[in-house]
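Remarks on the structure that follows.
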Amino acid sequence: MKLADVYQVIDAEYPKKLSDIYVKNYGAHDNSGMLVDTGDEIRGAVFSLDLSKGAIEAAKAQGANLIVTHHPAIFFPVSDLRVQDALGDRILSCIRAGIGIISMHLNLDFAPEGIDYHLAKGLGGQDVSSTYENIDGGGYGRVYDVPRQSFSEFCAHAAAEFRTERLLCYGRQGEIARVASFCGAGIDGGAVEAAKRGGADVIVSSDVKHNYICDILESGMRLLIMTHYASENYGFKKIYQNLSHKLSIPVFYHEDLFML
């Protein structure tokens with residue numbers, strides 16, 4: 001099985017065209033797809049949210065020569081690769097070890113049962129089918145009902161379900177029953193307005209800028225910020241579990257637990 005054969009299986013489930021459509025329609029940037037192909041037969045694959053040193057060592061330890069990431073291993077064009085540079089060191093380590101790289105970024109965020117979907121389900125979302133940003137075949141950002149509970153109970157559930165203690169919970173206590181969530185660094189002014197229009201009591205996302213924190217709280221909503229890693233590792237692991245049944249090679253999952 002060559003790298004292109006593995007990619008074909010992944011693309012059938014989570015097509016790269018979702019990323020391409022979003023980039024075209026919204027003027028975004030992405031670099032998903034087959035990023036490093038050594039041409040070798042694939043012996044096994046490690047799934048990891050990032051192309052981290054830990055993921056590379058895990059691949060070597062398992063005898064795997066493919067790493068599949070969510071975040072693009074190479075996001076913007078590079079003019080040189082040097083071991084003195086962190087990115088260059090990782091890419092060169094893979095090439096030296098004969099490890100190929102596939103990255104699936106925005107296509108996984110927008111897939112009908114992708115990372116954003118699993119964030120909402122993990123938070124207790126009931127009907128999470130309606131999305132904020134819509135493209136043909138997928139969508140991102142959701143506003144949905146959750147079981148009625150106190151804000152503190154909601155935060156405690158998020159910490160337990162996503163296995164993270166690094167939560168920032170802003171806003172007054174009291175009951176909540178409606179949530180807006182945007183995986184990764186998904187908050188901008190449009191997202192805040194969509195949450196407000198949807199009647200959200202709480203917004204959940206990561207890497208939220210101070211001005212949006214102010215806007216959210218002054219709009220009467222609460223805000224739960226979790227680490228970028230925790231908000232996306234949860235769904236990426238479920239995607240790995242789905243793909244592990246479809247790939248005819250040994251597959252493994254690596255977590256950089258210090259990032260949770």
Side-chain angles (χ1 to χ4, degrees), residues 10 13-14 18-19 32 45-52 54-55 58 67-73 102-133 138-147 149 151 153-169 176 179-187 191 195 200 202-208 222-246 251-260:
I10 294 172
E13 290 288 309
Y14 307 99
L18 295 176
S19 172
S32 294
V46 167
F47 283 67
S48 174
L49 194 73
D50 301 296
L51 183 70
S52 63
I67 297 176
V68 180
T69 73
H70 172 48
H71 295 134
I102 292 173
S103 294
M104 306 181 293
H105 189 215
L106 294 180
N107 48 323
L108 289 194
D109 289 336
F110 277 81
E113 292 193 9
I115 288 176
D116 191 68
Y117 165 87
H118 285 297
L119 171 63
K121 295 300 288 185
L123 291 168
Q126 296 167 355
D127 180 2
V128 301
S129 58
S130 179
T131 51
Y132 156 57
E133 289 183 319
Y140 172 82
R142 290 163 162 82
V143 184
Y144 46 87
D145 292 331
V146 297
Q149 60 199 286
F151 183 42
E153 288 172 330
F154 178 73
C155 292
H157 167 77
E161 185 70 14
F162 291 85
R163 299 185 298 120
T164 179
E165 296 180 357
R166 297 189 179 100
L167 296 177
L168 293 174
C169 301
I176 63 101
V179 175
S181 62
F182 308 85
C183 73
I187 287 294
V202 185
I203 293 179
V204 180
S205 194
S206 306
D207 307 333
V208 183
R222 291 90 160 175
L223 173 64
L224 169 59
I225 301 176
M226 63 174 65
T227 67
H228 195 124
Y229 192 93
S231 79
E232 297 194 324
N233 181 60
Y234 180 88
F236 190 59
K237 192 170 188 178
K238 292 187 179 299
I239 287 166
Y240 152 78
Q241 291 165 347
N242 175 43
L243 289 171
S244 68
H245 303 297
K246 297 175 171 62
V251 292
F252 312 92
Y253 197 82
H254 171 75
E255 293 179 295
D256 292 303
L257 297 177
F258 65 93
M259 297 291 289
L260 283 169

Name each donor-acceptor pair under 3.5 Å that joins a side chain in residues 117-126 to protein atoms two or more places apart or in another chain, with its distance.
residue: His118; atom: NE2; partner: Glu113; partner atom: O; Å: 3.3
residue: Lys121; atom: NZ; partner: Gly125; partner atom: O; Å: 3.4
residue: Lys121; atom: NZ; partner: Gln126; partner atom: O; Å: 3.3

Can you list everything that forms a ring pair (Phe, Tyr, Trp, His ring centres under 6.0 Å) with Tyr140? Sequence neighbours excluded, please.
Phe110
Only counting residues at least two apart or in another chain, list the ones meeting side chain to side chain contact (heavy atoms under 4.5 Å, CB included) with Ser244.
Tyr240, Val251
Ring pair (Phe, Tyr, Trp, His ring centres under 6.0 Å) partners of His228, counting only residues at least two apart
His71
Which residues satisfy the side chain to side chain contact (heavy atoms under 4.5 Å, CB included) test with Ala73, sequence neighbours excluded?
Leu35, Leu51, Ile91, Ile101, Ser103
Mind checking what makes side chain to side chain contact (heavy atoms under 4.5 Å, CB included) contact with Asp256, not counting sequence neighbours?
Ser48, Ser52, Tyr229, His254, Phe258, Met259
Listed by chain and number, what are the side chain to side chain contact (heavy atoms under 4.5 Å, CB included) partners of Ser205, not counting sequence neighbours?
Phe182, Ile187, Val208
Lys246 meets the salt bridge (charged side-chain N to carboxylate O under 4.0 Å, His left out) criterion, sequence neighbours left out, with none
Any residue meeting ring pair (Phe, Tyr, Trp, His ring centres under 6.0 Å) with Phe151, in chain and number order, not counting sequence neighbours
none
Looking at residues at least two apart in the chain, or sitting in another chain, which of them share a side chain to side chain donor-acceptor pair (under 3.5 Å) with Thr164?
none
For Tyr132, what residues pass the side chain to side chain donor-acceptor pair (under 3.5 Å) criterion, not counting sequence neighbours?
none
State which residues pass side chain to side chain donor-acceptor pair (under 3.5 Å) with Gln149; sequence neighbours excluded, sorted by chain then number.
none
